[in-house]
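Structure first, then comments.
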Number of protein chains: 2
Amino acid sequence: MLAYFAAAMVSKIPDQPLEIEIPEEISGLRMTRQRREVYRILQQERNHPTANDVFMRVKDRLPNISLATVYNCLEVLVQHGIIRQVNFERESSRYCPNLSEHGHFHDEATGVIHDVVFKPGITLADVLQLPPGALIQDVEITLRGKIATT
Amino acid sequence: MLAYFAAAMVSKIPDQPLEIEIPEEISGLRMTRQRREVYRILQQERNHPTANDVFMRVKDRLPNISLATVYNCLEVLVQHGIIRQVNFERESSRYCPNLSEHGHFHDEATGVIHDVVFKPGITLADVLQLPPGALIQDVEITLRGKIATT
DNA sequence: TCAATATCAAGAATTATTCTAATTATCATT
DNA sequence: AATGATAATTAGAATAATTCTTGATATTGA
């Protein structure tokens, strides 16, 4: 019994970064338990997880959550501009809490996805010849390649 | 009977642009009948058709072609760098014979897809902060928005 | 011509995602 | 706290694009 309590206490020591506080509401969206945990995982796992990745991780805290709910949560978070959805070719969508304007470099050798930002002071409109009158609502810049090993 | 022949002759007058000649082989890829017709349609229809769009059009000339074959043809043409595959969000892939470096602006109001090029003299490496050693194999720049109606 | 290889067709299988219907939780009022 | 209204969640079925499988055809090279 003592051993059981000790184990329980030990297991409470966080091996993850300190828990992130998430408010009751973000951008007018009520943070339900499921949405909160989904969002928390995106904050912690910065490696652009898929819906299924999130599902597997979130089950630690909400064992009864369904994959459909994870999809629902991710969708509503995207719709409210709280996270971004990122697509590579026709692979599963990935999700990312980084809202600043950035693209993604997909290292084919390792599978790692790196965020890529513009050089300071440069914006997309500076470099592209857009159709006259174009009003841009969303931009996706995706690069595939490898990182040279020195 | 005469009327029938006359109608048949009239129907032979091309309403499409003059037929495009396609060589026996492109980039080391043998142009079979199916590949040739698929490629011809991409050359003619510059509106970024989906595999199914191509399938419907190609059936005029090859009534027995299957959708699987259209997918096969498109895939092998992409693999040989003869055409490009373009993805918008999670919609059906679209295909495009324009090989020059360019992005795509998707007008949400009309559904029209415009090719977008860099301003002269500017290349992507000029404007992005890439991870050190990054070797880029492929770039996808996708914009969504509307065209302002003056 | 004949064998080896490549391509094609038809339909089944796969996979990510969305939908449906039933249940549960939350909120605003009393 | 009970009540009704609304929103969220669940489980599993449905969907749609694409890929796979298998057997048939076509093409090439000897």
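Below, each value reflects all heavy atoms present in this structure, side chains not excepted, and no hydrogens, waters or symmetry copies. Below, chains carry the letters A, B, ... as their sequence lines are ordered, and counting in each starts from 1.
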Rounded to the Å, how far apart are [X] [atom1] and [N] [atom2]?
{"X": "A:Asn64", "N": "D:dA8", "atom1": "CG", "atom2": "C1'", "value": "15 Å"}
{"X": "B:Arg30", "N": "D:dT28", "atom1": "CZ", "atom2": "C1'", "value": "8 Å"}
{"X": "B:Met31", "N": "C:dC8", "atom1": "CE", "atom2": "C1'", "value": "15 Å"}
{"X": "B:Glu91", "N": "C:dT18", "atom1": "CD", "atom2": "C1'", "value": "15 Å"}
{"X": "A:Glu37", "N": "D:dT9", "atom1": "CD", "atom2": "P", "value": "12 Å"}
{"X": "A:Phe55", "N": "C:dT15", "atom1": "CZ", "atom2": "P", "value": "17 Å"}
{"X": "A:Asn52", "N": "C:dT15", "atom1": "CG", "atom2": "P", "value": "12 Å"}
{"X": "B:Leu62", "N": "D:dT25", "atom1": "CG", "atom2": "P", "value": "17 Å"}

When the nearest nucleotide of DNA chain D is assigned to B:Glu24 and to B:Glu75 on a heavy-atom basis, which residue is associated with the more 5' position? B:Glu75
Is any side-chain nitrogen or oxygen of [X] closer than 4.0 Å to OP1 or OP2 of [N]?
{"X": "B:Gln34", "N": "D:dA26", "value": "no"}
{"X": "A:Ser66", "N": "D:dT9", "value": "no"}
{"X": "A:Ser93", "N": "C:dT17", "value": "yes"}

Tell me whether B:Glu25 at atom CD has more than 12 heavy atoms from other residues, nucleotides or ligands lying less than 6.0 Å away. yes
Does A:Arg33 have more than 12 heavy atoms from other residues, nucleotides or ligands lying within 6.0 Å of its CZ? no
Which of these nucleotides, [options], is closest to any side-chain atom of [X]?
{"X": "A:Tyr71", "options": "D:dC20, C:dA16, D:dA17", "value": "C:dA16"}
{"X": "A:Asn72", "options": "C:dA6, D:dT18, D:dT9", "value": "D:dT9"}
{"X": "B:Arg90", "options": "C:dT26, C:dT17, D:dA11", "value": "C:dT17"}
{"X": "B:Arg35", "options": "D:dC20, C:dC8, C:dC27", "value": "C:dC8"}
{"X": "A:Leu67", "options": "C:dT17, D:dT9, D:dT28", "value": "C:dT17"}
{"X": "A:Thr32", "options": "D:dT9, C:dA16, C:dA9", "value": "D:dT9"}
{"X": "B:Thr69", "options": "D:dA8, C:dA9, D:dT10", "value": "C:dA9"}
{"X": "A:Ala68", "options": "C:dA10, C:dT26, C:dC19", "value": "C:dC19"}

Ring centroid separation B:His48 to B:His104 under 6.0 Å: yes
Under the side-chain contact (heavy atoms from CB on, under 4.5 Å) criterion, do B:His102 and B:Cys96 qualify, and how do the steps go? CA-CA 11 Å; B:His102 70 285; B:Cys96 149; 3.6 Å; yes
Applying the 4.5 Å side-chain criterion to the ILVMFWY set and letting contacts propagate, would A:Ile136 and B:Phe88 be lumped into a single cluster? no
